[in-house]
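Everything below concerns the one structure shown next.
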Amino acid sequence: MDRDLLIRRNNLEVNKLAAKCLRITILFLISLWLFTATGYFDCDLYVATIVYFSSLILLAIPSVLNAMHFEKQWMKYYIIMCIIAVVILVSTFISYEFIVLLVLPLLIATLYCDKQLIAIVSIINCVCVFGTFFLRYLFFEDSIIEKYGDLLTALFFGAFLRMFLILVTTLFTYYIVERNMVMLNKTIEANADLVHSQEELIFAFAEISESKSKVTGEHIRRVAEYMRILGEASGFSTDYVDKLSVAAMMHDIGKLMIPEEILDKPDRLTDEEYAIMKNHVLYGEALLSKCPGDIMKIAKTIALEHHERWDGSGYLGMKGEEISYISRLMALCDVFDALTSKRYYKDGWSLEETYDEIIRLKGKHFDPDVVDLFVQNFEQFKQVLHSMPDKEIY
């Protein structure tokens, strides 16, 4: 998994967490309104009601968007600006002491692991402290002077001291994010090494299974690249496409359990031999069923279903949407490579013959939508085939 993808996923999770925090804040504001209604705060109840109502609307919108599964990266900016706007309203018209709540946007920015966002929020917070102080002074001059004595003292303790505390908090949050990013990078590097080792192990394992049927390792690599092409064309995420490509190498792992005299037989298989050959999909599922991890789960599905046909005439009789989508992709990739590849018992078909055959089998052997993707990306298929020729044929 790459760093950017991991951060995007983290941002989406923080969006959900922040939306929950905003719902708690809504309850807090309702409690404040009740205190205001009892005269606890020295402010006009009508103005306070308008302030609370406006704040509730601002804070409710992220929760509504989250409930609608509206997942956009810019949501973090909206959430932070909502909190800042609410703090300004409450600090200006209810009590200036609530200006301390400006620490919340900083904490949320820290959760997003975005140092640039922390710096921007810190600057905005300082401006808000200064601006809110003057708004408070403009509307409630008497209360400011009564509390601090004179404007200069009020400016120092009411604005500059709080701005200083915000900057100190920013340094702490910046340091926390810096440390988190170092740990994140180390985790990503370790994960990349682990994935690479897993890929090499899977390739070695798959190559052993293919060697039983006198197929070179280039078949495995080509099929993996064909799956990558169709996976990207299907709109899958980069992370899932990578897993799909690696898992495709394991599609025929069940052949390890098939006798070589059947795999290597140059003549047509008998009904009994063909029945044994078909069992390699069940063996493949069995071999992979106890293996942990997303890649192995994908591989297990592909190993079981890659010989299924859209019209139901495949090994297990599955048809149409009963066949998982990734297995429908695998079916086309496997047939394309089998047809174009030379084997000791046959010559490879030309690209034109293979293309025409796949088009002919649209809606029969293959999912029509998958065939359409194949047609749209045929040039990429040709590039892979030409760049990875078989090195040897037994």
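With rounding to the nearest 0.5 Å, the separation of SG in Cys126 from CE in Met163 is 4.5 Å. Note that the OH atom of Tyr315 and the NE2 atom of His307 stand 4.0 Å from one another [nearest 0.5 Å]. The structure places SG of Cys333 at 4.5 Å from CG of Leu230, a figure rounded to the nearest 0.5 Å. Put simply, CG on Asp337 and OH on Tyr226 are 5.0 Å apart, with the number rounded to the nearest 0.5 Å. The structure places CD1 of Ile118 at 9.5 Å from CG of Leu111, a figure rounded to the nearest 0.5 Å.
Taking the six-membered ring where tryptophan is involved, the planes of Tyr137 and Phe133 are essentially parallel, since the angle between them stays under 30° and well short of 60°. Between Phe28 and Phe98, the ring planes are perpendicular. Angles over 60° get that label, and only those under 30° would be called parallel.
At distances below 3.5 Å, not a single donor-acceptor pair connects side-chain atoms of His365 with backbone N or O atoms of Leu361. Thr92 places no side-chain N or O within 3.5 Å of a backbone atom of Leu89 that could act as its donor or acceptor partner. Distance alone, capped at 3.5 Å, is enough to place a donor-acceptor pair between the Ser31 side chain and the Leu27 backbone. Side chain of Ser313 to backbone of Arg309: no donor-acceptor contact under 3.5 angstrom is found. For the pair Glu308 (side chain) and Gly317 (backbone), a donor-acceptor distance under 3.5 Å is present. Side chain of Asn125 to main chain of Leu102: a donor-acceptor pair is present (N/O by atom type, distance under 3.5 Å, no hydrogens or angles). At distances below 3.5 Å, at least one donor-acceptor pair connects side-chain atoms of Ser387 with backbone N or O atoms of Val384. With Asn377 contributing its side chain and Leu373 its backbone, the two residues share a donor-acceptor pair below 3.5 Å. With hydrogens and angles disregarded, no donor-acceptor distance shorter than 3.5 Å links the side chain of Glu305 to the backbone of Ile302. Under the 3.5 Å distance criterion, the side-chain polar atoms of Gln383 are left unmatched by any main-chain donor or acceptor of Gln380.
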Apply side-chain contact (heavy atoms from CB on, under 4.5 Å) to residues Val281 and His306 and explain how you reach the verdict.
CA-CA 8 Å; Val281 299; His306 71 281; 4.0 Å; yes
Does Lys319 form a side-chain contact (heavy atoms from CB on, under 4.5 Å) with Asp311? I'd like the steps, not just the answer.
CA-CA 5 Å; Lys319 64 185 296 185; Asp311 62 5; over 6 Å; no
Quick one, Ser122 with Tyr174, criterion side chain to side chain donor-acceptor pair (under 3.5 Å). Give me CA distance, side-chain angles, the key distance, then yes/no.
CA-CA 10 Å; Ser122 179; Tyr174 198 87; over 6 Å; no
Mind running side-chain contact (heavy atoms from CB on, under 4.5 Å) on Ile326 and Tyr240 for me, showing each step along the way?
CA-CA 11 Å; Ile326 56 175; Tyr240 189 79; 3.6 Å; yes
Output, in order, the C-alpha distance, side-chain angles, deciding distance and verdict of ring pair (Phe, Tyr, Trp, His ring centres under 6.0 Å) for Phe130 and Phe134.
CA-CA 7 Å; Phe130 201 70; Phe134 274 100; 5.1 Å; yes
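Between Phe160 and Phe164, the distance from one ring center to the other does not fall under 6.0 angstrom. Between Phe336 and Phe374, the gap from one ring centroid to the other is short of 6.0 Å.
Under a hydrophobic-cluster definition in which Ile, Leu, Val, Met, Phe, Trp and Tyr are linked whenever side-chain heavy atoms come within less than 4.5 Å, directly or via other members, Leu117 and Ile123 are assigned to different clusters. Leu58 and Val47 fall within the same hydrophobic cluster, defined by Ile, Leu, Val, Met, Phe, Trp and Tyr side-chain heavy atoms under 4.5 Å apart, directly or through other members. Under a hydrophobic clustering in which Ile, Leu, Val, Met, Phe, Trp and Tyr are joined whenever their side-chain heavy atoms come within less than 4.5 Å, directly or via other members, Ile30 and Phe93 fall into the same cluster. Under the 4.5 Å side-chain heavy-atom criterion for grouping Ile, Leu, Val, Met, Phe, Trp and Tyr, Leu171 is not connected to Leu165 through any hydrophobic cluster. Neither Trp310 nor Val371 shares a network with the other; the hydrophobic side chains, linked directly or stepwise wherever heavy atoms of I, L, V, M, F, W or Y lie under 4.5 Å apart, form separate groups for each.
Inspection of the Ser324 and Ser327 side chains reveals an N or O donor paired with an N or O acceptor under 3.5 Å. Counted by atom type alone, Thr36 and Tyr52 present one or more donor-acceptor pairs between their side chains at under 3.5 Å. Judged purely by distance below 3.5 Å, without hydrogens or angles, the side chains of Asp252 and His280 pair a donor atom with an acceptor atom. Judged by distance alone, the side chains of Thr132 and Tyr96 never bring a donor and an acceptor atom under 3.5 Å apart. Inspection of the Thr354 and Glu357 side chains reveals no N or O donor paired with an N or O acceptor under 3.5 Å. Arg222 and Thr340 form no side-chain donor-acceptor contact under 3.5 Å, judged by distance and modelled atom types alone.
Residues Leu106 and Thr170 form a side-chain contact, since some pair of their non-hydrogen atoms from C-beta on lies under 4.5 Å apart. Between Leu316 and Leu304 there is a side-chain heavy-atom pair separated by less than 4.5 Å. The shortest side-chain heavy-atom distance between Ile166 and Val103 does not fall under the 4.5 Å cut-off. Side-chain contact between Leu29 and Ile26 is absent, with no heavy atoms from C-beta onward closer than 4.5 Å.
Taking all atoms of both residues into account, the shortest heavy-atom contact from Ala299 to Ala247 is N-CB, 3.6 Å. Arg328 and Gly320 make their closest contact through NE-O, 3.9 Å (heavy atoms, listed as atom of the first residue, atom of the second, distance). When all heavy atoms of Leu45 and Trp33 are compared, the pair lying nearest together is CD1-NE1, 4.2 Å.
Screening Val241, Val246, Asp239 for a side-chain contact (heavy atoms from CB on, under 4.5 Å) with Lys243, the sole residue that qualifies is Asp239.
Ion pairing between Asp367 and Lys362 fails under the 4.0 Å rule for side-chain N and carboxylate O.
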